[in-house]
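Below, all heavy atoms of this structure are taken into account, side chains as well, without hydrogens, waters or symmetry copies. Each chain gets a letter, A, B and so on, in the order its sequence line appears, and its residues count up from 1.
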Amino acid sequence: MAIQTVTERNSLVAKYVADCTYATLTSTVPGASAGTELSGITRQASNWGAVASSAATASPAAFAVASGQTVAGFQFMSAVTAGNYLDGVGVTSQAFSSAGTYTATATYTQS
Amino acid sequence: MAENEVTKVRVTMRDDQTGQTATDYVDTAREGLLEAYVADARRRWSTVEVGEEPDAGPAGYDGATFVPFGTPHLLRDADGNVTGAEFHELGHELAGTFYPATDCVDCDHAPSHPLTGQRARTVQPKGKGA
């Protein structure tokens, strides 16, 4: 059954936002299981915007990527180190020739 | 070229649909590499811009340089769900070559091919042209 009210949808979005506190990049595409986190990468705070209209957008700071690494996925974690994998998605992939940066935003929409 | 001359340029890539961006630094001293890199990037990114000024990036002149084997390209359905992936080889004679950072003694950071696991060929920094 679809949720009928924006109030309840926003409540569920707020729960997702509260859980998904950190973001990171992976070399494989995450799904039901976590992707392979890039070696040496620093997780960034998810930096969620306001919950509104059944959705919220995470805009973490740019990730520093080392020479030779390939970005293929973006995933949310529960902590800045270790923690639990919570959700993830494939992104526009890129193999890095030199040390560079990768920026991604993610919008969660509750239907 | 002059000693310690920076021969890399910044390459900025953007996916207009998702807002994702990537910024990399590619060596122009290796013939055909920038052209092959940009052609590969344009298969996945909406816009690819090449800087006009030399720029070694955050790792500086002495940072590592890798000539990628290529890059996986995700296949999606109309709803944006990932349905598979293709691997696009870079199409350059140096693809799969790793030039370690100057200060990385006995460097063991050479990446592996994402599909085959083949380790990149490591070439020590002499003349890496970063």
Side-chain angles (χ1 to χ4, degrees), chain A residues 23-42 44 46-49 55-75 87-109 111, chain B residues 8 10-15 17-27 30 33-34 37 40-41 43-46 55-60 63-76 80-85 87-88 90 95 98-101 109-114 120 130:
Chain A
T24 191
L25 297 177
T26 60
S27 62
T28 58
V29 178
S33 301
T36 303
E37 193 166 14
L38 296 186
S39 175
I41 195 168
T42 299
Q44 301 289 352
S46 297
N47 189 28
W48 289 98
T57 297
S59 303
F63 295 92
V65 179
S67 171
Q69 294 188 314
T70 297
V71 176
F74 172 96
Q75 65 188 28
D87 201 6
V89 67
V91 296
T92 306
S93 52
Q94 186 57 44
F96 279 76
S97 179
S98 303
T101 59
Y102 195 102
T103 305
T105 59
T107 297
Y108 176 74
T109 302
S111 57
Chain B
K8 289 180 180 176
R10 182 174 59 212
V11 179
T12 305
M13 297 155 275
R14 179 177 176 82
D15 185 326
Q17 192 170 21
T18 64
Q20 293 153 7
T21 64
T23 303
D24 198 359
Y25 301 83
V26 180
D27 193 353
R30 306 183 195 289
L33 175 57
L34 179 63
Y37 185 98
D40 175 67
R43 291 173 159 174
R44 298 178 305 282
W45 298 93
S46 309
D55 189 342
T65 301
F66 176 55
V67 182
F69 292 100
T71 305
H73 177 73
L74 298 182
L75 304 175
R76 298 178 185 274
N81 300 310
V82 176
T83 58
F87 189 84
H88 294 157
L90 184 65
F98 181 69
Y99 304 88
H109 293 118
S112 299
H113 192 293

Looking at B:A120, B:G70, B:A110, B:P58, which one has more heavy-atom pairs under 4.5 Å with chain A than the rest? B:P58

Less than 4.5 Å apart, side chain to side chain, heavy atoms only: is that true for A:L25 and A:Y102? yes

Sort A:T70 into side chain, backbone, both or neither according to what part of it lies under 4.5 angstrom from a heavy atom of chain B. side chain

Check whether A:Q75 reaches the backbone of A:G35 with its side chain - one donor and one acceptor, N or O, closer than 3.5 Å. yes

Describe, in one word, how the ring planes of B:F87 and B:H113 are oriented to each other, choosing from parallel (under 30°), tilted (30 to 60°) and perpendicular (over 60°). tilted

Heavy-atom pairs under 4.5 Å with chain A: which of B:T21, B:V11, B:L33 has the most? B:T21

Give a yes or no on whether the backbone of B:K8 and the side-chain of B:D27 come within a donor-acceptor separation of less than 3.5 Å. no

Greatest number of heavy atom pairs closer than 4.5 Å to chain B - which of A:A95, A:G100, A:S27: A:A95

Decide yes or no on side-chain hydrogen bond (donor to acceptor under 3.5 Å, both in side chains) for B:Q20 and B:R14, but give the supporting numbers first. CA-CA 6 Å; B:Q20 293 153 7; B:R14 179 177 176 82; over 6 Å; no

Proximal component of B:F69, with respect to chain A [non-hydrogen, under 4.5 Å]: neither

Look at A:G68, A:S67, A:S97 and state which one has the largest set of heavy-atom pairs under 4.5 Å with chain B. A:S97

Quick one: are B:P100 and B:H109 in side-chain contact, heavy atoms under 4.5 Å? no

Quick one: does A:S93's side chain have a donor or acceptor within less than 3.5 Å of a partner on B:T71's backbone? no

Please check: side-chain N/O of B:D15 versus main-chain N/O of A:T92, any donor-acceptor pairing under 3.5 Å? no

Using a 4.5 angstrom heavy-atom cutoff, name the option from B:P72, B:P68, B:P114 with the most pairs to chain A. B:P72

For B:R10, is it the side chain, the backbone, both, or neither that has a heavy atom closer than 4.5 Å to a heavy atom of chain A? neither

Please determine, among B:T18, B:T23, B:L74, B:D40, the option with the most heavy-atom pairs under 4.5 Å with chain A. B:T23

Check each atom of B:F98 against the heavy atoms of chain A and say whether the ones under 4.5 Å are side chain, backbone, both or neither. side chain

Highest number of heavy-atom pairs under 4.5 Å with chain A among B:Y37, B:Y25, B:F66 belongs to B:F66

A:V91 versus chain B, heavy atoms under 4.5 Å apart: side chain, backbone, both or neither? both

